[in-house]
Asker: 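Would you mind keeping the following structure in view while I ask a few things?
Just so you know, these numbers use all the heavy atoms, side chains as well, and skip hydrogens, waters and symmetry mates.
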Amino acid sequence: MTTIQESADTEEFKRKLFEIYGIQVKESRGRYSYLLPERKKAITGKKLGDAFEKAAVDAAILGTVPITFVQVEQKLESQRNRQITGTESIGRVVDMEHNEKVKTSAGYEQWAKIHNLQEQAKTFNFLTENGLLDAEKLDDILAEVTADFKQKKEEMKVTETRLKEVNRELRLLGQYFSTMNSYRAYCKDGNKKAFRDAHRSDLDLHDAAHKELLEIFENGKFPSIQALKEEKASLTSRKKVQYSTYQEIREQWMELNKISQNRDSFLVRQPEKKPVDLG
């Protein structure tokens, strides 16, 4: 996988990002912004996250923090899908049929009726302005965002799982090597029983770590601690990017779902929808 670390300098980084993904990197007042091929306005590194700021990219090029071109492209991809905006001022319509407070409070019922009329009007205006009165258009967008949301969630789980594994392997290797001197001395000692009695704690820790490591690495070849530390740094960076993307797509899904439910409350009476299972 091509990484920013393989770039000799920032100019090569910009060139590779453009050649591989068509993403232009612009610099202004010491800050980076990223322009996708089909967009007219660049997205600032600050908006994408700390890992995309100029200082972080420079650090990655120097080799201290690994960031992949794929991570940059994935982050920008989440921005590409944010085609619908302006829903923040629209509230969610109250379910008059199933809301318990509506059934028990006449005052709340009256408020909810007025509230629903206001939010339905806002929703209708929004759908009209964005050409979404055709129900299938909004449904297709919501389905696409839902699928993207599930995918990003699964990708984040895979990264988190591997990160836990790497942390475990680092802990076991640390325990294994920190007790190696005691184990070697035990192997050389003529009175092994007396030596083990005197150094039981270290030897038990060494044996336990060795046993677990063999369960993980069945061929008996253990990775270096440095290699695992580098993988951990890469996974940590990836997780940060993935989580930020996940949060953005989740927010978009919630907004689109709200608009969809509001629409169904007044546009055309449809069979009741089941909540989308996001896993």
Side-chain angles (χ1 to χ4, degrees), residues 1-7 13-14 16-18 20-26 31-61 64-88 138 140-167 230-260 275-279:
M1 183 181 292
T2 305
T3 66
I4 288 177
Q5 286 176 302
E6 293 175 355
S7 299
F13 156 66
K14 295 176 184 178
K16 284 184 176 180
L17 196 58
F18 180 75
I20 298 172
Y21 296 105
I23 299 170
Q24 297 182 50
V25 181
K26 299 186 175 183
R31 291 184 176 276
Y32 279 165
S33 60
Y34 302 81
L35 179 64
L36 288 166
E38 70 276 18
R39 290 180 65 104
K40 294 182 179 180
K41 186 177 180 181
I43 304 167
T44 64
K46 183 178 181 180
K47 186 175 181 180
L48 293 172
D50 294 342
F52 299 90
E53 289 275 43
K54 185 178 186 302
V57 173
D58 289 345
I61 291 173
T64 57
V65 182
I67 304 174
T68 67
F69 284 127
V70 172
Q71 285 174 304
V72 175
E73 203 276 341
Q74 286 176 343
K75 183 69 176 182
L76 294 172
E77 182 68 26
S78 72
Q79 298 291 328
R80 180 184 303 167
N81 290 332
R82 298 181 64 86
Q83 300 171 353
I84 296 180
T85 58
T87 61
E88 296 80 4
L138 181 59
D140 288 346
I141 294 172
L142 180 56
E144 181 181 345
V145 172
T146 300
D148 196 22
F149 182 91
K150 289 182 177 181
Q151 179 185 343
K152 295 300 184 290
K153 187 175 182 180
E154 288 304 311
E155 290 173 355
M156 190 168 62
K157 285 182 178 179
V158 170
T159 300
E160 289 174 342
T161 298
R162 179 53 190 156
L163 190 55
K164 288 179 180 178
E165 292 173 349
V166 169
N167 282 331
E230 290 174 358
E231 184 179 0
K232 179 179 179 178
S234 177
L235 288 167
T236 301
S237 176
R238 183 188 306 167
K239 180 183 175 182
K240 184 176 181 180
V241 173
Q242 288 176 334
Y243 183 74
S244 177
T245 303
Y246 163 82
Q247 288 289 86
E248 290 176 1
I249 295 177
R250 179 177 181 274
E251 180 181 345
Q252 186 184 21
W253 177 86
M254 292 178 67
E255 289 297 308
L256 288 171
N257 192 55
K258 174 184 67 179
I259 296 299
S260 175
V276 178
D277 181 12
L278 294 178

Asker: Any side-chain to backbone donor/acceptor pair from S237 onto A233? Under 3.5 Å, distance only.
Answerer: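 No; judged by distance alone, with no hydrogens or angles, the pair does not exist.
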
Asker: Under the criterion side chain to side chain contact (heavy atoms under 4.5 Å, CB included), I'd like the reasoning laid out for M254 against F149: C-alpha separation, chi angles, the key distance, then a yes or no.
Answerer: CA-CA 11 Å; M254 292 178 67; F149 182 91; over 6 Å; no

Asker: Is the shortest side-chain heavy-atom distance between E231 and R162 below 4.5 Å?
Answerer: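 Result yes, sub-4.5 Å side-chain heavy-atom pair found.
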
Asker: Taking all non-hydrogen atoms of both residues, which atom of L235 and which atom of V166 are closest, and how far apart?
Answerer: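 Taking every non-hydrogen atom into account, CD1-CG2, 3.8 Å.
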
Asker: Would you call R238 and E155 a salt bridge, taking side-chain N to carboxylate O under 4.0 Å as the test?
Answerer: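 No, no charged N to carboxylate O under 4.0 Å.
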
Asker: Applying salt bridge (charged side-chain N to carboxylate O under 4.0 Å, His left out), name anything that partners E154, two or more places apart in sequence or on another chain.
Answerer: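 Scan of E154 (salt bridge (charged side-chain N to carboxylate O under 4.0 Å, His left out), adjacent residues dropped) gives K157.
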
Asker: Contact between V25 and F18 at the side-chain level, heavy atoms closer than 4.5 Å - yes or no?
Answerer: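 V25 does not reach F18 side chain to side chain.
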
Asker: Is K258 atom NZ crowded by more than 12 heavy atoms from other residues, nucleotides or ligands, each under 6.0 Å away?
Answerer: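 Yes, enclosed.
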
Asker: Report the residues that fulfil side chain to side chain donor-acceptor pair (under 3.5 Å) with S33, sequence neighbours left out, ordered by chain and then residue number.
Answerer: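 With neighbours one apart ignored, the set is empty.
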
Asker: Look only at the side chain of T236 and the backbone of K232, and say whether a donor-acceptor pair between them is shorter than 3.5 Å.
Answerer: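 Yes.
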
Asker: W253 and T146: which non-hydrogen atoms are nearest, and at how many Å?
Answerer: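 Minimum heavy-atom separation between W253 and T146: NE1-OG1, 2.9 Å.
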
Asker: How close do N257 and L142 get, heavy atom to heavy atom, and via which atoms?
Answerer: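 Nearest heavy atoms, N257 then L142: N-CD1, 3.9 Å.
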
Asker: Identify, with sequence neighbours excluded, every residue that meets side-chain contact (heavy atoms from CB on, under 4.5 Å) alongside Y243.
Answerer: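 Once residues adjacent in sequence are excluded, the partners of Y243 under the side-chain contact (heavy atoms from CB on, under 4.5 Å) criterion are M156, Y246, Q247.
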
Asker: Any side-chain to backbone donor/acceptor pair from D148 onto E144? Under 3.5 Å, distance only.
Answerer: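 No, the answer is negative, given that no donor and acceptor are paired below the 3.5 Å cut-off.
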
Asker: Would you compute the distance between atom NZ of K152 and atom OG1 of T245 and round it to the nearest 0.5 angstrom?
Answerer: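 Between atom NZ of K152 and atom OG1 of T245 there are 7.0 Å.
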
Asker: Once you round to the nearest 0.5 Å, how far does NZ of K239 lie from CD of E160?
Answerer: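 Spacing of NZ (K239) from CD (E160) equals 4.5 Å.
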
Asker: Between R31 and T44, is any pair of side-chain heavy atoms under 4.5 Å apart?
Answerer: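 Sidechains of T44 and R31: no contact.
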
Asker: Quick check for you: to the nearest 0.5 Å, what is the distance between T159 atom OG1 and K240 atom NZ?
Answerer: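 With rounding to 0.5 Å, OG1 (T159) is 15.0 Å from NZ (K240).
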
